[in-house]
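Step one of this worksheet: look at the structure below.
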Protein chains: 2
Amino acid sequence: MDQSPTANTSVTVADVAHKAGVSKATAARVLGGYGTVSDRAREAVTAAARALDYRPNELARSMTTGRSGTIGVVVGDIENPFFSLAMRGITDVARQTGFTVVLINSGEEIDTEKAAIRTLLAKRVDGLIVSPAKESDVGHLKEATRSGRPLVLLDRGSDALDVDTVIADDRHAAEGITCRLIALGHRRIAYLTACDTPDHRFRTPADINTGSVRRRIEGFLGVCRDADLSGMEDWVHVGAVTPEHTRRIVTAMLESSQRPTAIIASDSVIGLEVFKVCRQLGLGIPNDLSLVSFHDADWTSVTTPPVTVVRQPVYRLGETAARLLVDRLNGKGAQASRVVLQTEVIERASVTEAPA
Amino acid sequence: MDQSPTANTSVTVADVAHKAGVSKATAARVLGGYGTVSDRAREAVTAAARALDYRPNELARSMTTGRSGTIGVVVGDIENPFFSLAMRGITDVARQTGFTVVLINSGEEIDTEKAAIRTLLAKRVDGLIVSPAKESDVGHLKEATRSGRPLVLLDRGSDALDVDTVIADDRHAAEGITCRLIALGHRRIAYLTACDTPDHRFRTPADINTGSVRRRIEGFLGVCRDADLSGMEDWVHVGAVTPEHTRRIVTAMLESSQRPTAIIASDSVIGLEVFKVCRQLGLGIPNDLSLVSFHDADWTSVTTPPVTVVRQPVYRLGETAARLLVDRLNGKGAQASRVVLQTEVIERASVTEAPA
DNA sequence: AAACTAAAAGAGACCGGTCTCTTTGACTTT
DNA sequence: AAAGTCAAAGAGACCGGTCTCTTTTAGTTT
């Protein structure tokens, strides 16, 4: 029969009040830390709470206050180092400011994302940080803001949405590396992304729903056009959604007669896979193929050769998004702000002149 | 004055009921999906709900049902690929089973962990998955189970806690690689971990509070003892908590007159740093130094040479933990189960015979 | 057609806090 | 000593759902 003394079947303020010999209201004032209370009462309540091992029920508190102290985060894939690092930035700020984070993985699928938003709104999160899977399909996000809960977009913006947005200067970064490659004599430059289109083919940037990637491709194509390279749309490859897909695409690309002399990988997971395929096919980097990857993942500096990358301030991306959201939740927000964080190209040895 | 038609200042069941011309109870039955309702009423309520854009308040629902549909997860560092992959496993199962995940980062600090548990209990999570920072300090975890909420330990167990536990066979893995290294003639084998002790020195496994790491070190030391290698305690290095710390420790180690001929890195973040330092010091792997790392991080196969690793079923670790928790939440749980998932050594080229 | 049964709907308490409004009582003020 | 002031405490409504208990309604039985 060992019922522990702390058979805590939810001790409530009423229980504490009773034990302390005061009214529920007074006990609530002490435990909730509001209103004015005498020292005598405060001590009595505190002692009673300790004796009963009182635990506040945040759910009940949220009910009346309307604030849950929670922010909802929807990312594409927490397993991707990009998101896990951004997530670290978000959780750090959340902890410092007394918020709790609910994480949902969208798997970059729009339906999952919609369901996630619905769930989070039902749970009454105070605000949202979302990395939208599709820039074009943001009705559910609009709805979220309409319900009065602030939203911050992470890494991907949307012109249709006038909300706080934190992105990197993707277009500029893409322009930079494309220029560099062209200057080195590259003409057959492939751009490879996980973003997909219905028929798995790329025609125009408008096909790409992920804002950050679309901007990069626009930058890439723009520079190519300026350099009088035409038809570069054919060199944009979509659908590298898994390592297997990536391997298939890259293998096909590298085994074709017109194989690229340089590849730009849209994230480090893809970059890694490109690297692996090259090694497998016996192609040398950079002599047979130059490689540039987005995201300065930790391993990129340690391969042979080390990989030239676009360093994105990923932690700060998450941190800034969270700070923006918290500020707004504290009523500090003015107009929607669009923060563009700068990227930086880290030149390493995976890029060289195009082979003759 | 553009007040949108959906100026949704929280539509409640009462509002829907009123619009549908039924009682609050009936509307609640339809919206909550319980009890018996006539088709006429159901249609009326459904239509009214749609018209008013009714959104259920999960908070209020949780209040009465006592279930929040939420599980709390406390990990050391979501930025670490180990945890982000495990997290992926957890969130996948959660989504499939209709649960939502609250994530808190402990930063491997016991006080933060305690605060996290308190917060999660206050938020009335239905259950917890925790990677305890200290095996010895689990009072707060005991308290959590005592409050009736199931707990599952992830990657690190505790003898003091009779709860569901999912770990890898760390001891066995450590024994395996240690045997292998000794067989190859290594005698000066260093083990490097992020776990720290008060004075940053290692004396006995009892100093190590992280269960998984302690078991590995026990395995390591045990095999050494069996091979008549004594004083190997001096070769265990603790406190590689950041890349900077790791670099300092490894540099000191490799520049000493009695430098190790092999290093076992306790996770991939440390392994990567060891790799970098070697390159910087001009030491060749594996000829000057053999390297084995725990966690088959994606990059380990792509370095020159590729790194021999202990592959842990990280995703499944998270997945299993979540499944165990959900089962228990659904009342299926019997006795506390301890699941030990098997590891596998992936032999690559970073290990060779000890130099003469 | 009266009596019986079961389905459907309504009324209202309840969860555990917050918070407004009212009352109590100690301390000034002249 | 009577009036005034303000801190402290109490009473009870409220948040938005769920759920029990009671009443109404419709359908079945003989």
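What's counted below: heavy atoms across the whole structure, side chains too, no hydrogens, waters or symmetry copies. Every chain is numbered from 1, with letters handed out A, B, ... down the list of sequences.
- Side chains of A/Thr65 and A/Arg67: no donor on one and acceptor on the other come within 3.5 Å.
- Counting only N and O atoms by type, the side chains of A/Ser337 and A/Asp164 include a donor and acceptor under 3.5 Å apart.
- A side-chain donor-acceptor contact under 3.5 Å links B/Asn80 to the backbone of B/Phe82.
- Look at B/Arg88 and B/Asp92 and you find a salt bridge, because one of the NZ, NE, NH1 or NH2 atoms lies within 4.0 Å of a carboxylate O, short of that distance.
- Going from atom NZ of A/Lys123 over to atom C1' of D/dG16 covers 15 Å, rounded to whole Å.
- For the OP1/OP2 pair of D/dC19 and a distance below 4.0 Å, the side-chain nitrogens and oxygens of B/Tyr34 include no atom meeting the criterion.
- Each end of the helix from C/dA1-D/dT30 to C/dT30-D/dA1 yields a helix axis from five base pairs, and these two axes differ in direction by 40° (to the nearest 10 degrees).
- At the phosphate of D/dA9, neither OP1 nor OP2 sits under 4.0 Å from any side-chain N or O atom of A/Thr26.
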Tabulate atom names and distances for all N/O pairs under 3.5 angstrom spanning the protein and nucleotides 12-14 of chain D.
none

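- Smallest separation of non-hydrogen atoms from A/Ile78 and B/Ser84: O-CB, 3.5 Å.
- Between the side chain of A/Ser68 and the main chain of A/Arg124, a donor-acceptor pair closer than 3.5 Å is present.
- Under the rule for a side chain to side chain contact (heavy atoms under 4.5 Å, CB included), the partners of B/Glu319 that lie at least two apart in sequence or sit in another chain are B/Val93, B/Tyr315, B/Arg316, B/Arg323.
- Here the closest heavy-atom approach between residue A/Leu317 and residue A/Asp155 is recorded as CD2-OD1, 4.0 Å.
- Here D/dG17 is the nucleotide among D/dG17, C/dA9, D/dT18 with the atom lying nearest to any side-chain atom of B/Val13.
- For the pair B/Asp126 and B/Leu329, the tightest heavy-atom approach, listed with the atom from each and the gap, is O-CD2, 3.2 Å.
- At least one side-chain heavy atom of B/Leu161 sits less than 4.5 Å from a side-chain heavy atom of B/Leu151.
- The distance between atom CE of B/Met63 and atom C1' of D/dG16, rounded to the nearest whole Å, is 10 Å.
- Side-chain N/O atoms of B/Ser23 include one lying less than 4.0 angstrom from OP1 or OP2 on C/dG10.
- Counting heavy atoms from C-beta on, the side chains of A/Leu31 and A/Val45 come closer than 4.5 Å.
- Taking atom CZ on A/Arg61 and atom P on D/dG16, their separation rounds to 18 Å, with Å as the unit.
- The nucleotide whose nearest atom lies closest to any side-chain atom of A/Val37 is, among C/dG17, D/dA9, D/dC15, D/dA9.
- In summary, the side chains of A/Ser136 and A/Asn209 do present a donor paired with an acceptor at a separation below 3.5 Å, with no hydrogens or angles considered.
- For the pair B/His18 NE2 and C/dA11 C1', the interatomic distance rounds to 16 Å; values are reported in whole Å.
- A residue-by-residue look at B/Leu59 and B/Arg29 shows that B/Leu59 has its nearest nucleotide of DNA chain D further toward the 5' end.
- A close approach under 4.0 Å does occur between a side-chain nitrogen or oxygen of B/Thr36 and OP1 or OP2 of C/dA8.
- Contacts between residues 38-48 of chain A and DNA chain C, defined by a heavy-atom separation under 4.0 Å, are absent.
- Applying the side-chain hydrogen bond (donor to acceptor under 3.5 Å, both in side chains) test to residues at least two apart or on different chains, the pairs with a partner in residues 107-117 of chain B are B/Glu108-B/Arg156, B/Glu113-B/His140, B/Lys114-B/Asp137.
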Exercise. Give the intermediate values and the outcome of side chain to side chain contact (heavy atoms under 4.5 Å, CB included) for residues B/Ile90 and B/Leu154.
Key: CA-CA 10 Å; B/Ile90 294 173; B/Leu154 178 68; 4.2 Å; yes

N/O-N/O pairs, protein side and nucleotides 24-28 of chain C side, under 3.5 Å:
none

